[in-house]
*Asks:* 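Structure in structure tokens, see below.
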Protein chains: 2
Amino acid sequence: MELASMSDVARAAGVSAATVSRALRGEPGVSDATRRYVTEVAERMRYAIARDASSLAGGRRYAVGVLTAEGGRGDLLAGAEAALRDAGYDVLLYVLRDRAAFFERLPPARRVDGLVALGVTLSADETGALAGLDVPLVEAGQDDPHDALRVAADHLVSLGHRDVALVLTEDADESYDDVLVAAGLATRPEWTLWSSPTVAGGEQAVEVLFDGGGRPPTAIVTAHAAVAIGVLLRLRRDGRDVPRDVSIVSLDDCELVRTVGVTAVEGAWRDRGARAATSLLTTLGVRAPDTAATVRSLVGGSVAVPGGRV
Amino acid sequence: MELASMSDVARAAGVSAATVSRALRGEPGVSDATRRYVTEVAERMRYAIARDASSLAGGRRYAVGVLTAEGGRGDLLAGAEAALRDAGYDVLLYVLRDRAAFFERLPPARRVDGLVALGVTLSADETGALAGLDVPLVEAGQDDPHDALRVAADHLVSLGHRDVALVLTEDADESYDDVLVAAGLATRPEWTLWSSPTVAGGEQAVEVLFDGGGRPPTAIVTAHAAVAIGVLLRLRRDGRDVPRDVSIVSLDDCELVRTVGVTAVEGAWRDRGARAATSLLTTLGVRAPDTAATVRSLVGGSVAVPGGRV
DNA sequence: CTGTTAGCGCCTTCAA
DNA sequence: TTGAAGGCGCTAACAG
């Protein structure tokens with residue numbers, strides 16, 4: 001038993017293939033009754049369109065290529081995939097290993113309608129090579145976590161925290177303090193630190209925050225997951241209880257922080273991927289389904305009211 | 001300037017399209033000279049085959065669908081992608097979110113030559129639904145980490161460890177002890193534990209290993225990354241130095257353990273993904289490139305000679 | 001609103 | 001060893 005083709009459906013429905021095509025794609029020029037009937041017949045026959053043929057005839061491929069780095073973030077990818085699939089696009093995955101070879105051979109050539117680069121920073125030459133494919137390209141990854149910080153700050157404030165320290169990684173700027181201020185928090189210069197995006201960076205940040213003579217914060221927000229882990233480890237080693245003595249929030253949500261139990265702002269990375277995909281879809285003229293629905297909330301157990309019990 | 005099509009190449013080379021097709025695909029029936037010339041012309045024109053047309057005409061799609069779970073392992077995916085791409089196959093990514101909808105609508109229908117399920121356990125019904133696609137399916141994820149344990153055990157033995165404890169997760173069986181024996185280690189019943197695949201599980205394992213009256217091990221091997229983290233945290237909290245007092249090896253290599261600095265057996269997950277893909281390719285009749293080249297070694301800093309300094 | 005007619009770019013017979 | 005012809009399943013003009 002072969003899979004049903006469009007002409008099979010047409011025959012079964014007693015119409016022409018063109019009508020089936022129009023009906024199924026929601027094209028105008030088909031009566032409601034016909035469209036309904038054809039749709040029903042197609043479903044009953046479990047008809048699945050042959051994209052190859054469709055692409056060949058229509059010129060559009062209904063596929064986008066997603067470029068990721070080896071060891072890239074899975075949630076970035078998942079977010080993009082979700083948005084693309086919801087829009088009816090196939091997702092061709094390209095994991096960049098041998099970059100030179102990739103940009104030389106350009107495997108996505110003639111295979112995709114657009115490209116999304118997720119968490120890979122493209123050089124000018126590489127961007128130029130991709131331009132040869134003659135399809136739109138969207139890059140994601142340079143986005144900043146202001147939104148996530150907003151969520152975290154609001155939550156901490158609602159719990160009564162007033163003394164919140166911020167451990168940023170190198171690519172951040174002072175504008176993050178503004179978010180804290182907007183949330184109703186007082187900022188202090190010594191509570192905004194920069195560290196390397198590593199566990200060691202987090203450990204050092206704790207030293208700075210608690211060794212100086214100043215008042216120690218009741219909560220620490222980190223921009224990077226590894227830093228959050230470092231903060232946690234150092235606080236514990238110093239005999240401080242998390243979250244009783246100090247709360248921790250990671251703006252960077254990943255398997256790592258979840259497993260260790262650090263509270264993180266959820267969905268930030270998924271969002272980025274989805275936004276990139278949506279942006280590309282818009283360029284492609286597709287009215288992309290709303291992405292705003294992504295949940296952004298806190299998960300984890302490293303946050304409590306300041307100085308008290310949970 | 002449009003992209004060159006096969007007939008463009010044919011015209012430029014002064015041959016028929018059929019000859020170009022045969023030459024480029026390595027089909028027999030073309031003189032060496034012609035093949036070389038055609039290949040050269042195609043390269044010069046930067047010809048890229050239109051897969052849509054190729055699939056339509058040839059019946060094979062040169063694409064396989066990869067099913068992954070949301071939040072699935074990136075390295076499993078990367079391993080599969082590498083193997084598939086090396087074999088000239090496109091990789092269609094399907095992140096399973098709404099499983100019911102996925103198996104009802106079956107988006108890969110008529111789009112792939114085969115399916116690889118990575119880290120998703122398929123129910124009988126789901127497998128049945130996929131069978132309707134009439135393409136081969138390979139699942140990966142149930143593989144066991146005996147190989148990784150072998151690497152870890154050999155390394156620990158070479159450092160002089162004799163007392164090695166094993167913290168397995170629920171899906172493991174006693175056969176792991178055999179690997180330790182083969183590596184020249186003495187096993188003891190109380191040194192083989194089962195725990196939940198969580199940080200808490202690792203912490204509890206340490207309690208059991210060190211609170212009992214028996215001799216404590218000098219090294220702990222865990223099958224799961226989160227467990228390794230738990231072991232590390234608990235040992236530290238108990239005032240034991242890692243790796244001076246106790247070495248830790250995680251058979252499960254991931255961002256998590258690397259970031260925290262736990263030694264892990266590298267490449268295990270990549271390998272699984274690649275093996276699954278290779279297996280599928282074999283089913284598809286493709287002589288898959290050798291995957292054995294994947295490095296399997298130890299990375300990280302949580303291992304030292306027993307009882308001594310590094 | 002619906003059907004008919006041509007291809008889309010390639011692979012696969014079949015002849016030469 | 002090569003070329004010519006047909007068709008894969010669908011969409012996009014055209015007619016009705």
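When reading the values below, keep in mind they use all heavy atoms of this one structure, side chains included, and skip hydrogens, waters and symmetry mates. In what follows, every chain begins at residue 1, and chains take the letters A, B, ... in the order their sequences are listed.
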*Asks:* Identify the 5'-most and 3'-most nucleotides of DNA chain C with at least one atom closer than 4.0 Å to a non-hydrogen atom of chain A.
*Replies:* dC1(C) to dG9(C)
*Asks:* Answer yes or no: is there a side-chain heavy-atom contact under 4.5 Å between Leu115(A) and Leu133(A)?
*Replies:* yes
*Asks:* Under 3.5 Å, side-chain donor or acceptor atoms of residues 39-52 of chain B against the rest of the protein: list the pairs with distances, not counting sequence neighbours.
*Replies:*
{"residue": "Thr39(B)", "atom": "OG1", "partner": "Arg35(B)", "partner atom": "O", "Å": "2.6"}
{"residue": "Arg46(B)", "atom": "NH2", "partner": "Glu104(A)", "partner atom": "O", "Å": "3.1"}
{"residue": "Arg51(B)", "atom": "NH2", "partner": "Gly88(B)", "partner atom": "O", "Å": "3.2"}

*Asks:* So does Leu93(B) get a backbone contact from the side chain of Arg85(A), meaning a donor-acceptor N/O pair under 3.5 Å?
*Replies:* yes
*Asks:* For DNA chain D, determine which residues of residues 46-56 of chain B have any heavy atom closer than 4.0 angstrom to one of its atoms, and list them numerically.
*Replies:* Leu56(B)
*Asks:* Is the closest side-chain heavy-atom distance between Leu118(B) and Leu77(B) below 4.5 Å?
*Replies:* yes
*Asks:* Looking at five pairs on each end of the helix from dC1(C)-dG16(D) to dA16(C)-dT1(D), what is the angle between the two axes, given to 10 degrees?
*Replies:* 30°
*Asks:* Apply salt bridge (Lys or Arg N to Asp or Glu O under 4.0 Å) to Arg36(B) and list each qualifying residue two or more places apart in sequence or on a separate chain.
*Replies:* none
*Asks:* Do side-chain atoms of Asp75(A) reach the backbone of Arg270(A) as a donor and acceptor pair under 3.5 angstrom?
*Replies:* no
*Asks:* Heavy atoms of chain B, cut-off under 4.0 Å: which first and last nucleotide of DNA chain D, 5' to 3', fall inside that, if you could look?
*Replies:* dT1(D) to dG9(D)
*Asks:* Ignoring hydrogens, what is the shortest heavy-atom contact between Val120(B) and Leu67(B)? Give both atom names and the distance.
*Replies:* CG2-O, 4.1 Å
*Asks:* Under a 4.0 Å heavy-atom cut-off, which of residues 20-29 of chain A touch DNA chain C?
*Replies:* Arg22(A), Gly29(A)
*Asks:* Sub-3.5 Å donor-acceptor pair from the side chain of Asp252(B) to the main-chain atoms of Ala225(B), do we have one?
*Replies:* yes
*Asks:* Going by side-chain hydrogen bond (donor to acceptor under 3.5 Å, both in side chains), name the pairs with one or both residues in residues 14-34 of chain B, residues two or more places apart or in two chains.
*Replies:* Ser16(B)-Thr19(B), Ser21(B)-Arg25(B), Ser31(B)-Thr34(B)
*Asks:* Considering residues at least two apart in sequence or located in another chain, which fulfil the salt bridge (Lys or Arg N to Asp or Glu O under 4.0 Å) criterion with Arg99(B)?
*Replies:* Glu126(B)
*Asks:* Are the side chain of Asp113(A) and the backbone N or O of Val64(A) linked by a donor-acceptor pair below 3.5 Å?
*Replies:* no
*Asks:* Applying ring-ring contact (aromatic ring centres under 6.0 Å, His included), can you list everything that pairs with Phe102(B), at least two apart in sequence or on another chain?
*Replies:* Tyr94(B)
*Asks:* I'd like to check the salt bridge (Lys or Arg N to Asp or Glu O under 4.0 Å) partners of Arg97(B); sequence neighbours left out, ordered by chain and number.
*Replies:* Asp86(A)
*Asks:* Identify, with sequence neighbours excluded, every residue that meets side chain to side chain donor-acceptor pair (under 3.5 Å) alongside Arg105(B).
*Replies:* none
*Asks:* Is there a side-chain contact between Phe103(A) and Leu130(A) in this structure, where contact means two heavy atoms from C-beta onward sitting under 4.5 Å apart?
*Replies:* yes
